[in-house]
Amino acid sequence: MPMSKDGPPAFPAGEFTFGPVYEGPPSYAHGGVSALVLDQVLGMAAAATGTPGMTATLELRYRRPTPLRVPLLVEAKASRVEGRKVYAAGTIAAPDGRVTVEATAMFVMPQRFVTSQY
């Protein structure tokens with residue numbers, strides 16, 4: 001994960017592999033699990049700005065099928081902070097470098113966090 005000169009991550013990135021349990025179409029990952037991965041990594045990018053929040057919007061563009069059983073690269077970066085809102089974008093890429101899924105999101109830091117009673 002790239003580091004800024006101050007120490008914390010400049011943007012979250014990592015390599016992972018979807019196994020057969022995540023199959024949607026034959027031999028490819030289910031789009032919902034791709035959304036889960038991107039939501040998590042975009043949220044990490046938002047939190048790295050010092051303004052952690054909850055997902056308010058998440059938009060995905062599926063460019064091509066995401067293969068199973070191969071190393072995939074996920075990256076995300078916050079683009080701007082506006083008060084309690086943080087905007088971020090990220091991708092999942094196949095081993096050949098071609099992007100399979102792109103995502104943008106907005107996270108909103110609640111005025112106060114209240115833990116669930118459940």
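Cluster annotation: Leu72 is connected to Val33 through the hydrophobic network of ILVMFWY side chains, with a link wherever side-chain heavy atoms come within less than 4.5 Å. Hydrophobic clustering of Ile, Leu, Val, Met, Phe, Trp and Tyr side chains at less than 4.5 Å, counting indirect connections, keeps Tyr87 apart from Val74. Side-chain heavy atoms closer than 4.5 Å link hydrophobic residues (I, L, V, M, F, W, Y) into clusters, and following such links, even through other members, never connects Leu60 to Val99. Under the 4.5 Å side-chain heavy-atom criterion for Ile, Leu, Val, Met, Phe, Trp and Tyr, Val41 and Met109 are members of distinct hydrophobic clusters.
In terms of heavy-atom proximity, Ala105 sits nearest to Leu58 at CB-CD1, 4.0 Å. Nearest heavy atom pair, residue Val70 against residue Pro67, reads CG2-CG, 3.6 Å. Pro20 and Arg69 get closest at one heavy-atom pair: CB-NH2, 3.1 Å. Residues Val101 and Tyr62 come closest through the heavy atom pair CG2-CD2, 3.8 Å. Listed here is the closest heavy atom pair of Ser34 and Thr66: OG-OG1, 4.1 Å. Here the closest heavy-atom approach between residue Leu42 and residue Ala76 is recorded as CD2-CB, 3.8 Å.
With hydrogens and angles ignored, the 3.5 Å screen pairs no side-chain donor or acceptor of Thr55 with any backbone N or O of Thr57.
In this structure, CD in Glu75 is found 11.0 Å from CG in Leu38, a value given to the nearest 0.5 Å. Once rounded to the nearest 0.5 Å, the distance linking CE of Met106 with CE of Met54 reads 12.5 Å. Note that CZ of Arg98 and CZ of Arg64 are 4.0 Å apart. Values are rounded to the nearest 0.5 Å.
In this structure, the side chains of Ile92 and Phe16 come closer than 4.5 Å at one or more pairs of heavy atoms. Side-chain contact between Thr100 and Arg63 is absent, with no heavy-atom pair separated by less than 4.5 Å. Looking at Arg84 and Phe107, their side chains never come closer than 4.5 Å, going by heavy atoms from C-beta outward.
Ion pair Glu59/Arg61 flagged as a salt bridge, since at least one NZ, NE, NH1 or NH2 atom sits closer than 4.0 Å to an Asp/Glu carboxylate oxygen.
Ring-plane geometry between Phe18 and Tyr22 is classed as tilted, the angle between the planes lying from 30 to 60 degrees on a 0 to 90 degree scale.
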